[in-house]
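Below you'll find the structure, written out as structure tokens, and then a few comments.
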2 protein chains.
Amino acid sequence: MMDNSFCSEYWPQTTDLNQDSPFLHPQVPNINSFQLHNYPESFQGETASASRSHSEAEKRRRDRINAQLSTLRKLIPTSEKMDKAALLGSVVDHVKDLKGKTTEISKMLNTPTDIDEVTIEHLNEEENKGSASESKRKDNSVILKVSFCCDDRPELFSELQRAIKSLKLTVAEADITSLGGRIKGIFLLCLSENSAKDVCMHSLKQSLRVVLCGIAISPSTSNYRIKSKRQRFFLPAQFS
Amino acid sequence: MMDNSFCSEYWPQTTDLNQDSPFLHPQVPNINSFQLHNYPESFQGETASASRSHSEAEKRRRDRINAQLSTLRKLIPTSEKMDKAALLGSVVDHVKDLKGKTTEISKMLNTPTDIDEVTIEHLNEEENKGSASESKRKDNSVILKVSFCCDDRPELFSELQRAIKSLKLTVAEADITSLGGRIKGIFLLCLSENSAKDVCMHSLKQSLRVVLCGIAISPSTSNYRIKSKRQRFFLPAQFS
DNA sequence: CGTGACACGTGAGAC
DNA sequence: TGTCTCACGTGTCAC
């Protein structure tokens with residue numbers, strides 16, 4: 001019997017090792033080499049024990065690598081009976097393939113990226129040119145185009161709604177796409193004419209940015225992203 | 001100097017080996033071990049040469065694997081300074097991640113799959129129920145919903161157009177999505193009332209199926225798919 | 001016979 | 001110090 005119980009003893013194991021039949025691959029000896037290897041009885045000093053622990057550690061290392069290779073082999077179709085190098089070759093192909101597909105899709109769709117961001121744009125700003133004071137506008141209609149990208153989470157929508165409401169803005173249009181635990185949204189926000197009269201445009205945008213960044217930008221982004229590698233996927237929400 | 005000139009001598013190399021600095025990884029010895037290893041002059045028989053060629057072959061094998069690992073390392077962000085096992089772990093994560101994203105997208109979009117297929121559906125068929133003979137219809141309007149999925153290629157559209165025209169059908173609506181060298185199309189095809197009078201519905205569908213399968217279903221699918229792994233990506237066409 | 005693929009134990013360098 | 005990783009050469013099985 002193959003003894004690989006020490007395989008995942010301390011290592012940050014990202015993949016599930018199935019305990020039964022760890023490597024479904026040709027030429028895997030089904031004997032424990034440590035029992036097979038006869039160390040001479042006359043040479044049982046600390047050198048021998050060091051050598052033994054060394055070879056055991058090395059076996060653990062090999063097992064870790066091979067375990068990943070075997071999970072990789074399960075992910076790649078028709079990779080059974082493949083060479084190690086050939087397997088890795090098809091993995092390279094698949095990664096490139098999938099990367100190409102996802103970036104291609106990202107171009108045609110409003111797809112979330114890996115970078116948190118919040119942008120705010122004043123759509124009808126050109127009507128204010130020539131006006132010295134920003135708070136005195138010729139036109140009362142205010143439309144803000146807001147786009148954000150961040151990790152998805154259940155409370156996100158209610159937080160956004162509360163934030164938008166608190167600034168007396170209303171959602172004219174929204175396009176939200178969620179993908180792989182990330183979410184990207186583009187909102188068209190309107191300020192009612194009544195409210196628009198009393199508001200300084202600059203501070204409104206500032207406030208909106210602050211509150212949106214508080215919602216969207218994850219604290220210590222890099223750490224969070226590393227921890228939340230494995231996330232669920234779900235279908236995109238689309239509402240108006 | 002590292003001598004790995006024999007690295008890609010015959011092997012089906014799917015990834016580009018950059019000749020300079022083949023492995024940007026710690027602990028790569030920069031000496032040629034075959035020159036270092038001194039075989040005893042008194043023992044230059046065929047056993048020695050066999051052993052030598054064996055170890056050289058083994059080195060070639062290791063180099064192939066390591067070359068793939070290094071290309072893999074380039075594909076995975078922040079995988080520099082990673083363990084071999086850790087690198088493979090991230091590769092597993094990335095593959096799962098990308099797979100999840102693409103299947104998720106496939107669900108929300110009319111995205112091509114890896115399986116060639118042609119389906120033909122008679123949209124207003126229910127109006128013919130109760131009619132004994134299929135060639136005598138109460139209604140002259142004929143709408144066929146056709147969907148196909150196959151490898152993309154430049155001549156595909158002209159071939160489709162010619163096929164559709166030859167059956168006196170016209171395109172009422174078309175939704176075509178191309179992704180990763182594969183293409184999926186959904187057509188609504190109309191038969192003009194004049195022509196509809198003279199045509200047997202059954203044989204029309206049969207003919208359409210035959211001609212579409214001739215266009216869409218690749219000959220010896222599996223071989224073709226394996227050969228055309230690396231394909232270009234381009235944005236989807238959408239016309240009506 | 002050789003050739004290829006794999007697991008193994010070992011020496012060496014890094015921390 | 002020990003512990004981890006890597007490249008290496010070897011034994012071995014399969015074709």
Side-chain angles (χ1 to χ4, degrees), chain A residues 1-4 6-13 22-40 43 45-70 72-73 79-89, chain B residues 1-4 6-12 22-40 43 45-70 73 79-89:
Chain A
M1 286 294 287
M2 190 87 180
D3 177 22
N4 68 330
F6 46 71
C7 209
S8 58
E9 53 189 6
Y10 82 95
W11 202 253
Q13 201 70 45
F23 317 123
L24 307 129
H25 209 55
Q27 288 158 332
V28 174
N30 54 353
I31 45 100
N32 189 326
S33 65
F34 300 130
Q35 292 168 2
L36 193 72
H37 199 295
N38 288 325
Y39 296 97
F43 187 46
E46 55 195 22
T47 319
S49 99
S51 166
R52 183 192 159 91
S53 89
H54 182 28
S55 77
E56 282 177 3
E58 182 60 19
K59 167 143 187 66
R60 281 195 293 274
R61 178 181 161 272
R62 279 196 305 268
D63 284 345
R64 279 201 311 274
I65 294 173
N66 283 333
Q68 302 290 32
L69 283 174
S70 101
L72 228 30
R73 185 171 265 114
S79 69
E80 276 298 327
K81 317 226 83 188
M82 256 191 194
D83 198 348
K84 269 185 188 177
L87 166 66
L88 290 175
Chain B
M1 285 293 289
M2 191 86 182
D3 177 23
N4 67 332
F6 47 71
C7 209
S8 59
E9 53 188 6
Y10 82 95
W11 203 255
F23 316 122
L24 308 129
H25 211 54
Q27 286 159 331
V28 173
N30 53 357
I31 44 103
N32 189 328
S33 65
F34 300 131
Q35 293 169 0
L36 194 70
H37 198 296
N38 289 324
Y39 295 98
F43 188 46
E46 54 197 23
T47 319
S49 97
S51 168
R52 183 191 160 94
S53 86
H54 182 31
S55 76
E56 283 177 2
E58 181 61 16
K59 168 143 185 64
R60 280 195 292 273
R61 177 179 163 272
R62 280 195 305 268
D63 283 346
R64 280 202 310 273
I65 294 172
N66 284 333
Q68 302 290 31
L69 283 174
S70 104
R73 187 172 265 114
S79 68
E80 274 299 327
K81 314 228 89 189
M82 257 191 191
D83 199 349
K84 268 185 188 178
L87 167 65
L88 291 175

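Being a predicted model, the structure only gives us computed values, none of them experimental. Chain naming here is simple, since letters A, B, ... match the order of the sequence lines and numbering starts at 1 in each. These numbers come from the heavy atoms of this one structure, side chains and all, not from hydrogens, waters or symmetry mates.
Here the NZ-CG distance, from B:Lys59 to B:Asn66, works out to 8.0 Å after rounding to the nearest 0.5 Å. For the atom pair CZ (B:Arg64) and CZ (B:Arg60), the distance works out to 8.5 Å, reported to the nearest 0.5 Å. Rounded to the nearest 0.5 angstrom, B:Asp63 CG and B:Glu58 CD are separated by 10.0 Å. Atom CD1 of A:Ile65 is separated from atom CG of A:Leu72 by 12.5 Å, given to the nearest 0.5 angstrom.
The side chain of B:Lys84 contributes an N or O atom lying less than 4.0 Å from OP1 or OP2 of D:dA7. Within the structure, a side-chain polar atom (N or O) of B:Arg64 is placed less than 4.0 Å from OP1 or OP2 of C:dA5. Of the side-chain N and O atoms in A:Arg61, one or more sit less than 4.0 angstrom from OP1 or OP2 of D:dC6.
The backbone N or O of B:Lys84 sits nowhere less than 3.5 Å from a side-chain atom of A:Arg61 that would complete a donor-acceptor pair. Of the possible polar contacts, one joining the B:Ser79 side chain to the B:Arg73 backbone as a donor-acceptor pair under 3.5 Å is found.
Side-chain proximity of B:Arg62 to D:dC6, D:dG9, C:dG4: nearest is D:dG9.
For A:Arg60 and C:dG9, the CZ to P distance is 12 Å, given to the nearest whole Å. If you measure from atom NZ of B:Lys59 to atom C1' of D:dC6, you get 12 Å, rounded to the nearest angstrom. Atoms CG (B:Leu88) and C1' (D:dC6) sit 14 Å apart, rounded to a whole Å. In this entry the distance linking CG of A:Asp63 with P of C:dA7 reads 9 Å, nearest Å. Atom CD1 of A:Ile65 is separated from atom C1' of C:dA5 by 16 Å (rounded to the nearest Å). For the pair B:Asp83 CG and D:dT3 C1', the computed distance is 13 Å after rounding to whole Å. Nucleotide D:dC4 holds its P atom 12 Å from the CD atom of A:Glu56, rounded to whole Å. Taking atom CG of residue B:Asn66 and atom P of nucleotide C:dC6, one finds them 13 Å apart after rounding to whole Å.
You won't find any donor-acceptor pair under 3.5 Å spanning the side chain of A:Glu58 and the base of C:dC8, going by distance alone.
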**Q.** Intra- and inter-strand pairs of DNA chain C in dot-bracket (Watson-Crick or G-U wobble, both distances under 3.5 Å; | for another strand)
**A.** .||||||||||||||
Q. Between A:Leu69 and A:Leu88, does a side-chain contact (heavy atoms from CB on, under 4.5 Å) hold up when you go through it step by step?
A. CA-CA 8 Å; A:Leu69 283 174; A:Leu88 290 175; 3.7 Å; yes
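In this structure, A:His54 and B:His54 both approach DNA chain C, and ranking their closest nucleotides by distance from the 5' end singles out B:His54.
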